[in-house]
Asks: 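Let me begin by handing over the structure; questions about it come next.
Numbered from 1 within each chain, the chains take letters A, B, ... in sequence-line order. Computation of the quantities below employed the complete heavy-atom set of this structure, encompassing side-chain atoms and omitting hydrogens, waters and symmetry-equivalent molecules.
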Amino acid sequence: MKINGNKEKALAVLKRRDSKLQSHLNSCVRCGLCAESCIFYLSTGEERYIPARKVDIVSSVYRRYNTLAGKLMPGLVKARELDEFTLTEMVDLLFGSCTMCGRCTAHCSIGVDISYLVSVGRSMLAEMAMVPSSLQSTVDAAIKTGNNMGIPVDELLDTLEWLEDDLRDEVDDTEAAIPVNKSNVNILYTLNPREPKFFPLSISAMAKIFYAAGESWTLSTRMYDVTNYAYYSGNLDEAREIARRLRDEMFELNARICVLAECGHGSRSFRWEGPNYLGSSYAFETITSVELISRYLKEGRIKLDSSLNTERITLHDPCNLVRSGGIFEEQRFILERAVSDFVEMNPYGYDNYCCGGGGGQLAMSEYGERRLKAGELKVKQIKNTGALTVVSPCHNCVDQLMQLNQVYRMNVKIKTLAEIVADALVLE
Amino acid sequence: MHWYRILSLAALVICLGSCLFHLIRLLRYGAPKDYSHKLGNTGTAIRYSFTGAMKPSKKESAYLHLPTYTAGLLYHAGTFLAIILFFLQLTGVALSPVWEYICSAVLLSGALSGTGILFKRMTSGKMRSLSCADDYFSNILVSSFQYITIFLLIGNIPVEAYYIVVTVLLLYVPLGKLRHVVYFFAARYQLGYFYGWRNSWPPSGNY
């Protein structure tokens with residue numbers, strides 16, 4: 001393997017004067033008790049997938065260059081050179097076998113933030129220009145075109161136009177609209193580019209909810225992409241640039257609330273990581289569409305009829321929304337009112353298993369087979385519920401669940417939360 | 001003062017100085033910074049990180065591995081007791097025979113647990129794949145510290161041997177994984193802050 005990147009810059013990532021980084025780099029005792037918390041280990045039984053191995057490959061490089069024992073007696077403390085061999089293993093472990101779901105972190109006997117250290121390792125690899133090409137091309141598309149699928153503005157507008165016609169027919173109101181680039185609105189609503197490209201019905205669903213709530217909202221054609229795959233690639237400059245564009249669009253349109261579409265990593269990267277990429281707090285409110293719908297229900301702005309969704313439904317909690325985003329009650333509050341037969345998976349919520357599609361896995365075709373294998377646990381969870389529909393407020397998860405549905409023949413329907421809500425909406 | 005006591009005292013100073021260096025460095029790097037809008041309560045979550053989140057019922061690393069978890073607790077209890085007894089030994093405080101036997105019992109359970117953990121690390125393929133010399137050496141040192149403290153209390157060994165083991169242990173603490181004695185607390189604080197900021201801890205629902 002040819003090393004193209006800057007080794008010094010990669011090592012500088014580990015030297016940051018950051019108490020969080022230093023605490024977690026020095027804490028793992030390699031007890032191995034995290035193994036059973038990882039979907040990759042559980043689905044394959046392969047020792048190399050134990051989360052502590054992922055921590056160790058980052059911290060072993062740290063020890064080699066930053067600790068006395070690592071410099072003097074590298075063999076004693078397993079301190080590793082950042083060489084081709086180490087880098088190859090880092091790519092495979094940190095990109096190819098981790099969704100950064102954080103379940104191992106929550107269960108770690110010490111409290112090591114394992115997914116954070118994986119993201120640190122990915123940043124090192126980004127400095128070494130070793131991000132898997134498929135993931136990097138997704139980031140490149142977002143940087144070059146403004147959305148990760150490279151959808152031209154004309155194509156987006158065409159899609160929105162026919163969706164608006166459908167909306168008018170459905171609600172029987174010629175004034176119903178999907179506003180675009182409208183200034184001085186309450187809400188700027190973002191999209192996952194997969195919606196206009198493959199799942200336009202989820203846009204319709206959200207537009208119908210906005211219509212029912214009488215909301216002042218808009219979409220933007222300049223910057224509507226909620227995703228930020230640079231969060232997964234570890235390239236902080238690119239992650240900052242993508243977050244900056246959405247923040248600037250909020251100012252450009254003078255919107256009051258930025259509502260993040262159903263996308264786990266998108267909401268995490270803009271709401272939680274974005275201000276830290278940019279080094280300043282947002283001067284506007286940022287919430288997920290899940291919180292918005294819950295708010296509408298609590299304020300009585302929309303009404304639902306659960307008898308319109310009678311099939312048994314289960315919920316897949318996106319890791320970035322729940323474990324790393326604190327959104328747990330809202331989706332349940334909504335589903336209690338939108339469906340008549342809701343059943344939880346086991347485990348669920350904060351403790352839920354990742355579907356296998358997070359961490360940029362869906363964008364990395366190199367590891368597709370491994371990703372589908374890692375999803376086996378989710379398949380078992382879903383089958384055990386007896387549900388006919390799986391709802392997940394994350395397009396990334398929806399994609400993975402659809403693939404799992406096909407590969408493992410689950411024969412279930414996969415829907416977003418907005419679609420379930422739109423089906424139960426009572427229009428007055 | 002005997003040479004071996006001076007030696008162990010010097011090692012203690014080096015150990016404490018190094019641990020203090022790590023601690024001060026962390027403090028100088030400052031508290032966690034987050035520019036996002038806070039959703040939860042960091043204070044509550046940090047408390048939870050050190051209390052509720054440590055309960056065996058909350059962690060797979062505990063409830064799926066109860067024998068190892070229990071052994072780990074006993075091992076740490078034995079270690080802290082041995083440290084206390086070292087300070088008593090240094091200051092010349094003598095225990096009554098009853099207390100010597102009680103402490104020896106606790107130390108024995110800790111030392112045997114440590115040996116059990118070492119045995120698991122050596123025999124399990126999964127654990128061997130994770131381990132390095134530091135893991136074995138750290139365990140042997142800490143277990144030896146507990147065994148030799150028992151021998152000092154109720155056995156008959158040259159006191160020099162005790163102090164030599166303590167000296168080696170103290171000098172090794174800052175070098176290898178044993179320095180988690182400092183970083184464990186920092187990591188749990190950081191984790192509590194992180195989850196608390198985002199309203200993930202204490203978790204909702206039935207966990």
Asks: With a 4.5 angstrom heavy-atom cut-off, could you sort out which part of C104(A) is near chain B: side chain, backbone, both or neither?
Replies: neither

Asks: What part of L68(A) is in contact with chain B, defined as an atom under 4.5 angstrom from a non-hydrogen atom: side chain, backbone, both or neither?
Replies: side chain

Asks: Quick check on Y41(A) against chain B: is it the side chain, the backbone, both or neither that has a heavy atom closer than 4.5 Å?
Replies: side chain

Asks: Sort out for me which of G75(A), C34(A), S280(A) touches chain B most, counting heavy-atom pairs under 4.5 Å.
Replies: S280(A)

Asks: At a 4.5 Å cut-off on heavy atoms, which part of S124(B) comes close to chain A: side chain, backbone, both, or neither?
Replies: neither

Asks: Just verifying a value: how many Å separate R16(A) CZ and Y29(B) OH, rounded to the nearest 0.5 Å?
Replies: 11.5 Å

Asks: Please classify the contact of R103(A) with chain B as side chain, backbone, both or neither, using a heavy-atom distance under 4.5 Å.
Replies: side chain

Asks: Looking at every non-hydrogen atom in both residues, tell me the closest pair between L39(B) and G325(A) and how far apart they are.
Replies: CD2-O, 3.9 Å

Asks: Where on S60(A) is there a heavy atom nearer than 4.5 Å to chain B: the side chain, the backbone, both, or neither?
Replies: neither

Asks: Could you check whether any side-chain N or O of S109(A) sits under 3.5 Å from a backbone N or O of S61(B), counting only pairs where one atom can act as donor and the other as acceptor?
Replies: no

Asks: So, taking the atom named OH in Y183(B) and the one named NE2 in H24(A), what distance separates them when rounded to the nearest 0.5 Å?
Replies: 12.5 Å

Asks: Name the option with the most non-hydrogen atom pairs under 4.5 Å to chain B; the candidates are E46(A), R268(A), R63(A).
Replies: R268(A)

Asks: What part of K33(B) gets within 4.5 angstrom of chain A, counting heavy atoms only: side chain, backbone, both, or neither?
Replies: backbone

Asks: Out of S131(B), A186(B), A187(B), A133(B), which one racks up the most heavy-atom pairs below 4.5 Å with chain A?
Replies: A187(B)

Asks: Going from CZ on F194(B) to CH2 on W272(A), what distance comes out if it is rounded to the nearest 0.5 angstrom?
Replies: 9.0 Å

Asks: Tell me, for Y63(B) versus chain A, whether the close heavy atoms (under 4.5 Å) come from the side chain, the backbone, both or neither.
Replies: side chain

Asks: Which atoms of S37(A) come close to chain B, meaning under 4.5 Å heavy atom to heavy atom: side chain ones, backbone ones, both, or neither?
Replies: both

Asks: Could you look at T286(A) and say if it's the side chain, the backbone, both or neither that has a heavy atom under 4.5 Å from chain B?
Replies: neither

Asks: What is the minimum heavy-atom distance between L175(B) and A69(A), and which atoms define it?
Replies: O-CB, 3.6 Å

Asks: Could you tell me which of G32(A), G102(A), G274(A) has the largest number of non-hydrogen atom pairs under 4.5 Å with chain B?
Replies: G32(A)

Asks: Please classify the contact of F184(B) with chain A as side chain, backbone, both or neither, using a heavy-atom distance under 4.5 Å.
Replies: both

Asks: If you count heavy-atom pairs under 4.5 Å between each of R25(B), H22(B), M54(B) and chain A, which one has the most?
Replies: R25(B)

Asks: Please find the pair of heavy atoms, one from E36(A) and one from E60(B), that lie closest to each other, and give the distance.
Replies: O-OE1, 3.3 Å

Asks: Minimum heavy-atom separation for S23(A) and Q190(B), please, with both atom names.
Replies: OG-CG, 3.9 Å

Asks: A quick test of your reading: do over 12 heavy atoms of other residues, nucleotides or ligands sit less than 6.0 Å from OH of Y136(B)?
Replies: yes

Asks: In sequence, state the C-alpha distance, the side-chain angles, and the governing distance for R198(B) and E273(A), and then conclude on salt bridge (charged side-chain N to carboxylate O under 4.0 Å, His left out).
Replies: CA-CA 11 Å; R198(B) 298 178 180 205; E273(A) 315 297 345; 2.8 Å; yes

Asks: State, with a plain yes or no, whether a side-chain heavy atom of R30(A) is found less than 4.5 Å away from one of C132(B).
Replies: yes

Asks: Go through the atoms of L76(A) and report whether side chain, backbone, both or neither lie under 4.5 Å from a heavy atom of chain B.
Replies: both

Asks: N26(A) versus chain B, heavy atoms under 4.5 Å apart: side chain, backbone, both or neither?
Replies: both

Asks: Restricting to salt bridge (Lys or Arg N to Asp or Glu O under 4.0 Å), what partner residues turn up for E100(B), sequence neighbours left out?
Replies: none

Asks: Strictly distance-based, threshold 3.5 Å: is any side-chain N or O of R271(A) a donor or acceptor partner for the main-chain N or O of S36(B)?
Replies: no

Asks: Parallel under 30°, tilted from 30 to 60°, perpendicular over 60°: which one fits the rings of H37(B) and Y282(A)?
Replies: perpendicular

Asks: If you compare all heavy atoms of Q22(A) against all heavy atoms of L26(B), which two are closest, and at what distance to 0.1 Å?
Replies: CB-CD2, 3.9 Å

Asks: Mind running side-chain contact (heavy atoms from CB on, under 4.5 Å) on Y116(A) and L191(B) for me, showing each step along the way?
Replies: CA-CA 10 Å; Y116(A) 167 69; L191(B) 199 63; over 6 Å; no

Asks: Give the member of V77(A), D18(A), V29(A) that has the highest number of heavy-atom pairs under 4.5 Å with chain B.
Replies: V29(A)

Asks: Is chain A contacted by the side chain of F50(B), its backbone, both, or neither, given a heavy-atom distance below 4.5 Å?
Replies: neither

Asks: Counting heavy-atom pairs under 4.5 Å to chain A, which of M127(B), H65(B), H180(B), R28(B) comes out on top?
Replies: H65(B)

Asks: NZ/K78(A) to CG/L130(B) distance, rounded to the nearest 0.5 angstrom?
Replies: 6.5 Å

Asks: Identify which part of Y69(B) has an atom lying under 4.5 Å from any heavy atom of chain A, answering side chain, backbone, both or neither.
Replies: neither

Asks: Look at atom CZ of F251(A) and say whether more than 12 heavy atoms of other residues, nucleotides or ligands are closer to it than 6.0 Å.
Replies: yes

Asks: Give a yes or no answer on whether the side chain of S19(A) reaches the backbone of G30(B) with a donor-acceptor pair at less than 3.5 Å.
Replies: yes

Asks: Take atom NZ of K55(B) as the centre, draw a 6.0 Å sphere, and report whether it contains more than 12 heavy atoms from other residues, nucleotides or ligands.
Replies: no

Asks: So which part of A35(A) gets closer than 4.5 Å to some heavy atom of chain B, the side chain, the backbone, both or neither?
Replies: side chain

Asks: Is it true that, when you exclude F151(B) itself, more than 12 heavy atoms of the residues, nucleotides or ligands shown sit nearer than 6.0 Å to its CZ?
Replies: no

Asks: Apply side-chain contact (heavy atoms from CB on, under 4.5 Å) to residues Y35(B) and L278(A) and explain how you reach the verdict.
Replies: CA-CA 9 Å; Y35(B) 290 103; L278(A) 295 162; over 6 Å; no

Asks: L64(B), V181(B), D135(B): which one forms the most heavy-atom pairs within less than 4.5 Å of chain A?
Replies: D135(B)

Asks: Using non-hydrogen atoms only, which part of W201(B) is less than 4.5 Å away from chain A: side chain, backbone, both, or neither?
Replies: side chain

Asks: For E47(A), is there any backbone N or O sitting under 3.5 Å from a side-chain donor or acceptor partner on K126(B)?
Replies: no

